[in-house]
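Here is the structure we will look at.
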Amino acid sequence: LELVEDRTTKKPFDAARKVNVRLKKAALDAGLMCYPMGGTLDGEQGDHVLFAPPFIVEDAQLDELVTKFSTALSATLGVPTALAA
């Protein structure tokens with residue numbers, strides 16, 4: 001999943017914000033293991049996150065992943081998301 005500051009222009013977040021680093025901590029705090037990385041656009045700019053759920057997964061487990069990720073994303077960006085409690 002690519003994370004961008006502006007969805008229309010696909011402008012990446014400023015690397016100084018360390019979105020991927022903060023997202024990793026927030027995800028772990030929410031109980032979610034995922035793989036955020038930075039520099040994916042040009043070695044410095046660009047953030048993305050990789051999810052690696054098992055091949056056999058229940059709908060409730062996917063709902064849990066999405067809810068926890070939404071919580072982590074909200075904490076990282078400082079804005080409420082639709083699913084964050």
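When reading the values below, keep in mind they use all heavy atoms of this one structure, side chains included, and skip hydrogens, waters and symmetry mates. These numbers were taken from a predicted model, which means no experiment stands behind them.
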Beyond-backbone contact of Leu23 with Leu77, side-chain heavy atoms, under 4.5 angstrom: no

Side-chain heavy-atom pair Leu50, Leu1 within 4.5 angstrom cut-off: no

Salt bridge (Lys or Arg N to Asp or Glu O under 4.0 Å) pairs, two or more places apart, involving residues 46-58: none

Which residues share a side-chain contact (heavy atoms from CB on, under 4.5 Å) with Val21, sequence neighbours left out: Lys18

Under 3.5 Å: donor-acceptor pair, side chain of Thr67, backbone of Asp63: yes

Side-chain donor-acceptor distances from residues 31-43 under 3.5 Å, at least two apart:
unit_1, atom_1, unit_2, atom_2, d
Asp42, OD1, Glu44, N, 2.8
Asp42, OD1, Gln45, N, 2.6

Partners passing ring-ring contact (aromatic ring centres under 6.0 Å, His included) against Phe69 (at least two apart in sequence or in another chain): Phe51

Residues in side-chain contact (heavy atoms from CB on, under 4.5 Å) contact with Ala26, at least two apart in sequence or another chain: Ala72, Ala75, Thr76

Any residue meeting side-chain contact (heavy atoms from CB on, under 4.5 Å) with Glu5, in chain and number order, not counting sequence neighbours: Lys11, Phe13, Arg17

Hydrophobic cluster (4.5 angstrom, side-chain heavy atoms) - remaining members for Val57: Leu62

Pairing residues for Lys25 by the salt bridge (charged side-chain N to carboxylate O under 4.0 Å, His left out) criterion, not counting sequence neighbours: Asp29

For Glu64, side-chain contact (heavy atoms from CB on, under 4.5 Å) partners two or more places apart: Lys68

